[in-house]
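Beneath this line is the structure, given in structure tokens, with notes to follow.
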Amino acid sequence: MKFIHTADLHLDSPLRGLSAYADAPAERLRTATRDAFHNLVTQAIDEQVDFMVIAGDVYDGDWKDFNTGLFFIRQMGRLRHADIPVYLLYGNHDADSEMTRGLELPDNVHVFSSRKAETFRIESRKVALHGRSFKVAATTENLLPGYPQPVAGWLNIGVLHTALEGNAEHARYAPCSVAELQAKGYQYWALGHVHEHWVQRGDVTIAYPGNLQGRHIREPGARGALLVTAEEGAVTAVERLEVDVLQWHTLEIDVSAAPDLRSAVCRVGQAMEQLLESTPTDLPLAVRVVFKGCSAVHAQLMADEGQLRQEVIAQAVALDADRIWVEKVRVATQALGAAPPSPDDETQDAMAELETLALSAQEDPDFIRSLQADWQALLEKLPHEVLHATPDLSALRQDPLAQVPDRIRQATPVLMARVGQDARPSS
């Protein structure tokens with residue numbers, strides 16, 4: 001017997017980080033979450049699975065229009081024609097309180113109640129599925145005590161949308177512990193809410209499939225669902241199904257040994273080439289490039305971010321313009337020889353005080369407001385073509401306050417390097 005465990009589809013959730021750039025694949029970005037789910041349904045049909053479990057967050061909140069719901073129903077209809085039932089639980093993003101629109105689902109879709117935990121039985125397979133949907137998004141109590149006792153001699157699957165002991169990257173919804181899940185007596189826990197793939201095998205299998213499609217740079221790498229095989233009431237195999245249609249990656253480029261800007265940029269091309277070779281040939285990649293290291297080219301990298309971005313894009317275009325796009329370019333290098341070789345105590349204390357003052361500025365609301373006003377006045381005077389050619393400047397103009405702390409952190413090493421050079425004793 002085989003079934004698919006998926007969660008966190010977030011249908012029609014926008015992909016963030018590429019739409020501001022002229023070279024972004026706009027159409028693919030717009031339909032990525034739908035395309036990933038369509039791929040999963042196709043695999044379910046091809047594998048002839050016995051059923052599918054969806055552990056919450058089909059939607060990303062209330063629909064903008066009915067097209068989102070109609071798309072989901074269309075996919076459920078494909079499964080219905082293949083005689084594949086679906087067991088659906090709603091999480092925090094599609095809880096009863098979050099959704100004002102609704103459509104009647106096909107009769108192969110069984111939705112767990114939000115009033116109390118309930119059990120669906122598949123008599124022919126001796127499978128019992130236990131679960132409870134969220135009634136409100138902010139469900140912060142432990143739902144586990146209300147789950148039914150396991151059905152003796154059957155495969156018991158618990159379906160739960162949970163942060164599982166307060167996962168630091170996700171809101172603490174329906175928290176519970178691994179020990180509590182193991183003690184319940186079910187053989188498999190189909191979890192949702194945490195977007196990273198995680199499986200713990202043993203007498204009890206506990207699993208997060210992760211979300212189907214990465215939506216921004218903080219959701220990097222392959223994404224998908226789980227194909228679970230069970231025999232005689234026990235889970236025998238858990239296989240990952242990758243169904244995403246675009247992947248996000250961060251490339252950290254060490255330019256410590258780069259003698260000049262050209263060499264630093266060539267290192268980006270080499271890293272991109274390696275990434276392309278290590279991923280499926282038809283899968284587009286959205287890449288953030290981060291320059292790192294203590295480097296002689298630090299000042300050149302910091303000098304013109306618009307030019308640097310275009311140099312990085314040129315590397316991508318030369319390799320495969322249809323597969324790789326640049327999400328952002330960041331410079332996190334340090335200057336070589338910024339500090340004096342042997343400063344006296346007075347100079348060292350002054351430098352430390354200056355650095356502390358510079359870093360504390362990002363938490364000073366009066367300073368930030370003053371800097372915001374100065375930046376805004378300057379940005380308003382820039383020609384449109386300059387803003388269009390430099391997306392980071394455009395973003396700064398739209399929301400300067402949100403950009404201030406990052407800019408201060410980026411500017412501090414440059415400031416310290418310049419002051420350090422001026423403070424160095426003359427020979």
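Here the structure is a predicted model, which means the values were calculated and not measured. Numbering of residues begins at 1 and proceeds along the displayed sequence.
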Glu196 and Tyr208 have their tightest heavy-atom pair at O-CB, 3.5 Å

Describe, in one word, how the ring planes of His5 and Tyr188 are oriented to each other, choosing from parallel (under 30°), tilted (30 to 60°) and perpendicular (over 60°).
perpendicular

Could you tell me whether a side-chain N or O of Lys184 sits under 3.5 Å from a main-chain N or O of Gly158, the two making a donor and an acceptor?
-> no

Ser256 meets the side-chain contact (heavy atoms from CB on, under 4.5 Å) criterion, sequence neighbours left out, with Asp254

Q: Flag the pair Phe120 / Phe112 as yes when their ring centroid distance falls below 6.0 Å, and as no otherwise.
A: yes

Practice task
Would you check if the side chain of Glu180 reaches a backbone N or O of Ser177 as a donor-acceptor pair within less than 3.5 Å?
Solution key: yes

The reported gap from CG in Leu9 to CG in Asp60 (rounded to nearest 0.5 angstrom) is 10.5 Å

Does Asp244 come within less than 4.0 Å of Arg215, counting only side-chain N to carboxylate O?
no

Heavy-atom closest pair (Glu273 atom, Leu319 atom, distance to 0.1 Å) is N-CD1, 3.7 Å

Notebook entry, point to check: So, does Asp50 use its side chain to make a donor-acceptor pair with the main chain of Phe3 at under 3.5 Å?
Noted result: no

In short, Leu155 meets Gly233 closest at the heavy-atom pair CD1-O, 3.7 Å

Does the ring center of Phe134 lie less than 6.0 Å from the ring center of His161?
yes

When rounded to the nearest 0.5 Å, the distance separating OG1 of Thr229 from CD of Glu47 is 8.5 Å

Exercise. Taking atom types as modelled and ignoring hydrogens, do the side chains of Thr33 and His10 form a donor-acceptor contact shorter than 3.5 angstrom?
Worked result: no

Ion pair check, Arg132 and Glu118, cut-off under 4.0 Å: no

To the nearest 0.5 Å, atom CD1 of Ile84 lies from atom CZ of Arg78 at 9.5 Å

From the list Thr236, Val235, Ile157, side-chain contact (heavy atoms from CB on, under 4.5 Å) with Thr205 holds only for Val235

ask   = When you check the side-chain N and O atoms of Gln315 and Glu311, is any donor under 3.5 Å from an acceptor?
value = no

**Request:** May I ask you to decide whether Arg330 forms a salt bridge with Glu305, counting only side-chain N to carboxylate O separations under 4.0 Å?
**Result:** no

Smallest heavy-atom separation, Thr162 atom then Ala174 atom, equals OG1-O, 2.6 Å

In short, Gly77 meets Pro106 closest at the heavy-atom pair N-CG, 4.3 Å

* To do: Say whether Arg115 and Ser133, considering side chains only, have a donor N or O and an acceptor N or O under 3.5 Å apart.
  => no

Angle class for the Phe51/Tyr87 ring planes (parallel below 30°, perpendicular above 60°, tilted otherwise)?
perpendicular

With Glu327 as partner, the option from Arg288, Arg218, Arg309 fulfilling salt bridge (charged side-chain N to carboxylate O under 4.0 Å, His left out) is Arg288

Review point. Strictly by modelled atom types, are Asp35 and Gln213 linked by a side-chain donor-acceptor pair under 3.5 Å?
Key: no

Residues pairing under ring-ring contact (aromatic ring centres under 6.0 Å, His included) where one sits in residues 266-290, two or more places apart or in two chains, turn out to be none

CG (Leu40) and CG (Leu241) are apart, to the nearest 0.5 Å, by 7.0 Å

### Message
Quick check: Tyr173 with His193 (ring centres under 6.0 Å apart)?
### Response
yes

* Asked: Any ion pair linking Asp12 and Arg34 (charged N to carboxylate O, less than 4.0 Å)?
  -> yes

To the nearest 0.5 Å, atom CG of Leu227 lies from atom CD1 of Ile4 at 6.0 Å

In this structure, is the centre-to-centre distance between the rings of Tyr186 and His130 below 6.0 Å?
yes

Q) Do His298 and Gln300 get their side chains close enough for a donor-acceptor pair, meaning under 3.5 Å? A) no

Worksheet item: Can you tell me if Asp94 uses its side chain to pair, donor with acceptor, with the backbone of Asp57 under 3.5 Å?
Response: yes

On a heavy-atom basis, the closest approach of Val159 and Ile54 is CG1-O, 4.5 Å

Between the SG atom in Cys266 and the CG atom in Leu261, the distance rounded to the nearest 0.5 Å is 9.5 Å

